[in-house]
Every structure is written in structure tokens, then in C-alpha cells.
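Structure first, commentary second.
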Amino acid sequence: MQFVSDPPCSVKISKMKQRVRWQEPPLTARLIDQTQLVIEDGASNSDEFSFLVIGDSGCGEHFDHHPQRKISEMMLQHLDQTNFVIHTGDIVYQVGSSEYYAKNFIYPYREFLVGGENPQSITYDRLVFNLPFFCVPGNHDYYDLSVAWGLLSQITWPIRHLLQTKFDLDVGWHGSYQGQAYARAFLDYLLDLNLPQALENHLDTYYTAKIGDRRCLRYQPGKFTCLPNRYYRFRYGGIDFFALDSNTFNEPQPLPHTQEGDALRRKLLAQYDELEQKKQQMLAKSVQLNAQNLEQADQLDDFQGQLNQIEETQRDIEKRLKDKKEQVDTEQLDWLRDSLINSWQATEVRGRVLFFHHPPYVTEATKWNQGQTLEVRRRLRQVFDDVAQSIGELGQKRSLVDLVLTGHAHCLEHLYTENTGHADAYINWIVCGGSGHSLRRQRTQGSLLSEDFSENGEKLVGRSRLFVGRNGQGSHKRRPYSFLRIDVHGGTPTKFVIRPYIAERHKHQWHTYSLDAFIVGDR
């Protein structure tokens, strides 16, 4: 039986369009661009600013600690010097359910929310942020829970709770309803405005900012902090930020019905069965552990993290084994291409930052060869190549984008691409996915990333310059959770000073510290 299900890309796209009433007549008549916003915080024109980055945070308490809350408390120390927060996705585990927003988002980040002094009074669909909070959906924010699993989870919960011998699955009766909870929490959910006059009044109140000849949403911290769409852009201090929904262009290509494709199909099926056996062994061992014992609580945390990792790998295999080609979100990719070209042609823009969930480059143990990683990398390369061809000499002396921020891999990592043969070369890629959920290790192959280009064989395409994830064994095991502070300097080319902050769990104690800052932004 499937524990969770991931809606097809076509469903994600259509449902999200309905929720924001994508390009319906009242919006097109007002020349409203539903992919842009203007931040009204009094500081968006300053060429020096700072922002924080977190990702893959959305879990509740672990068995004897709460890493997400610990990271949040560290972030609060930077609040006076911070202009906004970026979240790279997986905001609420395990299945993006509205039931878990209070426990897994509102309570841990209560100081960032209006009314946070009484978090129990805040509902997930009425969030207003004191500080701009920009997010993208992760895969878990789209997941759904089967009816059978929901019933089983609720029926067995009292017994498991009393015995303290359970996985804390972070699930209730249902899942995200195909991303609906995320949309209600963070997007301007125009579908609720049923009466024409109500919609028109709303548009004439909140969509009055002007960019060129188009109107767009006014983002007002402390008053109105909804996002216009699941993918969007904004400008701050002369830097263009592009937020993407990578869940709709990450479907792997179907395997070809060739000798080579059939061999890979058999290999993937064998891997799937091996993972299933490992999962069952892990579940059998877990029922013998008691979460009230600190050492056994650590083991349960490890088992839960490994179980999630196994199921994620199995879902990736299932996607690769599909014979039917899934719809690809070409509309979003075309938007990104055109928006990047527009950004390069705007003389007042001095830099570009992308953020989304699935990393194209990563050395975490399971991600590099996943079908979804390959597809996101392939799709972005095509967009970048098209942009580079269009802008010509404009982009020859600088990287096409200054910085790419992602999550999904439960670690903190800084990678740099070498000459890939494409326009995604010489770019700094940062994975910030270690802000709360069970951490992952680096792959045994190490920090160098090579790619098979068939006719030309394998070629070095990138290298990891920093990896912070689970490490050590037994009593030496360390769990370093993380977030970033990024300070943007004035001038062109822009320099981004990146400071990693760590809350490390070791021997049932917290140890907080920062790593050396590093500078990115030009070759």
C-alpha cells in the first residue's frame, strides 16, 4: 500500500491556476501580471541588504528535541539586520496537511507572524508576516495521504502515543489536497472571492503597484503578505529574484524500450525490491525501541530519516518506470526564459538569484542520479542556453545568474559548476535543506560531480566546496542543522557574503556556532 501519493504535474498546474484564477478576465482587463510583486517595506531600493535562507524545515518535534524551533531561535538573533526570509520548500511534513501547519509552521516561526504572541489564535489560511517571507512549494507540500493510511494513523495514534514506541509520522487524516493547504497559506487565494464585486474590490486594493504598463501585487509586511502565484519574481536592491515551482518540471523522461532501457528498468526494479526489504526490516526493529530512552530516541530519529529517504527513492524509481510521458510545465519555463532575458536587458539590474526546491547539482547520498535531479538539470540547462543565445555579448563576462538556492537534499551545501558545455557553467549553487528534518550524509564518491555525456564519456561538471550534513557514527554522530544569512553588497558585479549558521545536536546537547563566511557573485 502506498503511504503517500504525488499528484501528476498536470493536476498540480491546473489546480494552482484555479486557485489564483490565473489570467481570468477581471485580471487581464486590468493588465495584471500575476507573476510579479512589489515589496513595500521602505528599504527595497537600498543596494545593501540582508536576507535569511531556510529549507526542508517543516517537521514537528523529534523524539527528544525540536531542531526547527532551535533554528528559528537562532534566526531571531538576526532579525534587526534582516530584510526578508526565503524558504526553499517542504514547509510542512509529511504530506503538507493543513492539520499540521499549527505544529510544524506557525508555532516554530511564531515571532515572524503578526499575532505570534498568541500562536494558537493564528489559522494557517490567515498568515500575515511581520517580515517578508518568500517561499516555494516542495514535494511534501503537494503530497496526499491515502484514506487507508489516514484512518490507520488516527486509530492507532493513542496506543502509539502511550507506549512511546512509534515513528512520529507527522500525518493526520489527510494530505495537502494536491497543494491546496500551501496555496491557502501563502498564495492570494482568489478562488474564495465568488462575487464579481468582491474580486474587483480586492484587485483594486492589492494589485495597484505598477511595473511598466502592467499592474501587480503590493506586498505589504504586517498587512498583506500573500504571494501572487506559485512561481513569481521581485526586485530588491537592484537584484532580481526568481521563485520557481520545480515540482512541475521534474518528471523523469520515460525509459526507452531498447536493450539499454530494458536493462536499466530491471536494475531499478531490483533496487526497488531491495529498498522495500530494508524498509520492512527497519520497521520491525523500530517497534522494539522506546522513545523515552535517549539513546533509543536517537535510533528512532535515524530510522525515521532513513525510512523517509527510502520511500523518496522508491517514488523516484516509480516515476522513472512510468511509460507515459507526463505534462511538463513549459509555460513556467518559458516565463523564466523571457523574464531572465528581460532582466539582462534592464540596465538598472545588477544581479539575479533563483530559488526553488529540487537541486540540479548536489552530492547528498541519494540525489545526484535521481531521475528528478537529471530532469530539473536538463530543463534548466535548456532555459539557460536559450537565454545565453538571446542576450549574446551581454552575458559573456558574467555568470548567467549570480546564485541559485535550492532545498530537497537535507543538508547545507555550496557547489560550483565547471565548464559544463552549457550556460549553467561557472555558477554558485547552494542547497539549504537542513533546517529541521532528519539530516542526510554526503555520498561516498565525495565532492566531485561527473556527468556521462555518452559519446564523450564522463566529464567533470562541478565540485562541492562545502557540505554540512549528518556525520560520524555511534556516540560520535553529529546532526548539524543549518540556515544561511546572505549579505548583499553594493556595486556591480554584486558580491554576496554568505554566512552559514549551525545548531548541532551531539550527545543529546545543542551546540550553536557559525562557519566562515564566503563570497560569491562573480567568476
Side-chain angles (χ1 to χ4, degrees), residues 1-12 90 94-95 138-140 142-144 146 149 246-283 303-329 357-381 406 408-411 431 433 438 440-446 448-455 457-459 461:
M1 182 191 300
Q2 289 287 337
F3 173 52
V4 302
S5 62
D6 188 9
C9 289
S10 56
V11 172
K12 296 172 186 174
D90 280 356
Q94 288 291 333
V95 288
N139 50 301
H140 285 267
Y142 273 114
Y143 282 169
D144 281 312
S146 70
W149 269 108
S246 57
N247 295 278
T248 55
F249 58 86
N250 68 331
E251 286 287 336
Q253 296 290 303
L255 297 176
H257 287 283
T258 61
Q259 185 175 358
E260 185 180 42
D262 291 342
L264 179 55
R265 190 174 286 104
R266 289 192 295 270
K267 181 179 178 181
L268 290 172
L269 284 169
Q271 183 186 359
Y272 189 98
D273 291 340
E274 182 181 337
L275 289 169
E276 186 62 29
Q277 291 178 15
K278 186 175 181 180
K279 181 169 68 175
Q280 296 306 320
Q281 292 170 1
M282 199 178 305
L283 288 169
F303 279 162
Q304 180 174 330
Q306 291 170 34
L307 181 65
N308 292 337
Q309 188 169 326
I310 286 172
E311 291 181 334
E312 179 186 288
T313 303
Q314 287 180 316
R315 279 191 291 274
D316 188 76
I317 291 173
E318 290 166 358
K319 288 174 182 287
R320 298 188 74 179
L321 292 175
K322 284 182 180 178
D323 281 334
K324 183 180 178 182
K325 188 174 182 179
E326 180 56 79
Q327 177 180 344
V328 175
D329 194 358
H357 188 60
H358 297 83
Y361 293 94
V362 61
T363 67
E364 183 260 294
T366 63
K367 296 292 188 300
W368 176 243
N369 288 317
Q370 279 194 356
Q372 295 172 84
T373 304
L374 298 172
E375 187 63 12
V376 170
R377 186 162 70 247
R378 187 176 77 86
R379 292 288 177 183
L380 280 180
R381 271 184 180 168
T406 63
H408 194 49
H410 297 177
C411 61
V431 180
S438 183
R440 309 270 173 88
R441 298 178 184 273
Q442 190 173 34
R443 64 185 196 146
T444 56
Q445 296 94 324
L448 299 182
L449 290 175
S450 295
E451 193 172 349
D452 187 356
F453 286 89
S454 297
E455 294 180 1
E458 283 207 347
K459 175 183 176 182
V461 293

I'd like to check [X] versus [Y] (side-chain heavy atoms, cut-off strictly below 4.5 Å). Are they in contact?
X: Leu374; Y: Arg320; answer: yes
X: Met282; Y: Ile310; answer: yes
X: Asp90; Y: Asn139; answer: yes
X: Arg378; Y: Phe249; answer: no
X: Gln271; Y: Thr313; answer: yes
X: Lys319; Y: Asp6; answer: yes
X: Val376; Y: Arg379; answer: no
X: Glu312; Y: His408; answer: yes

For Tyr142, run the side chain to side chain contact (heavy atoms under 4.5 Å, CB included) check against Val11, Asn247, Val4 and tell me which one passes.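 Of the listed options, the one satisfying the test is Asn247.
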Per side chain to side chain contact (heavy atoms under 4.5 Å, CB included), Glu276 is matched among Gln281, Gln314, Glu311 by Gln314
Apply side chain to side chain contact (heavy atoms under 4.5 Å, CB included) to Lys279 and Leu307, showing your working. CA-CA 6 Å; Lys279 181 169 68 175; Leu307 181 65; 3.0 Å; yes
Distance-minimising heavy-atom pair for [X] and [Y]:
X: Gln309; Y: Glu364; value: NE2-OE2, 4.3 Å
X: Pro360; Y: Leu380; value: CG-CD1, 3.7 Å
X: Val362; Y: Ala409; value: CG2-CB, 3.7 Å
X: Pro252; Y: Gly371; value: CG-C, 3.7 Å

Decide side chain to side chain contact (heavy atoms under 4.5 Å, CB included) for Leu255 and Glu260; before the verdict, give the C-alpha distance in whole Å, the side-chain angles of both, and the deciding distance to 0.1 Å. CA-CA 9 Å; Leu255 297 176; Glu260 185 180 42; over 6 Å; no
Look at atom NZ of Lys267 and say whether more than 12 heavy atoms of other residues, nucleotides or ligands are closer to it than 6.0 Å.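 It does not: Lys267 NZ has 12 such atoms or fewer within range.
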Are [X] and [Y] ion-paired here, with the side-chain N under 4.0 Å from a carboxylate O?
X: Glu326; Y: Lys12; value: no
X: Asp262; Y: Arg265; value: yes
X: Arg315; Y: Glu318; value: no

Atom [atom1] of [X] and atom [atom2] of [Y]: how far apart are they, to the nearest 0.5 Å?
X: Gln253; Y: Lys325; atom1: CD; atom2: NZ; result: 5.0 Å
X: Glu458; Y: Leu449; atom1: CD; atom2: CG; result: 11.0 Å
X: Ile317; Y: Gln370; atom1: CD1; atom2: CD; result: 8.5 Å
X: Leu264; Y: Gln259; atom1: CG; atom2: CD; result: 13.0 Å

Counting N and O atoms only, with roles assigned by atom type, does the side chain of [X] sit under 3.5 Å from a partner on the main chain of [Y], one being a donor and the other an acceptor?
X: Thr373; Y: Lys367; value: yes
X: Asn250; Y: Gln372; value: no
X: Asp329; Y: Cys9; value: no

Quick one: do Gln277 and Glu274 satisfy side chain to side chain contact (heavy atoms under 4.5 Å, CB included)? Show the steps, please. CA-CA 5 Å; Gln277 291 178 15; Glu274 182 181 337; 5.7 Å; no
For side chain to side chain contact (heavy atoms under 4.5 Å, CB included), just list the numbers for His357 and Ser246, CA-CA rounded to whole Å, side-chain angles, deciding distance to a tenth of an Å, and then say yes or no. CA-CA 6 Å; His357 188 60; Ser246 57; 3.6 Å; yes
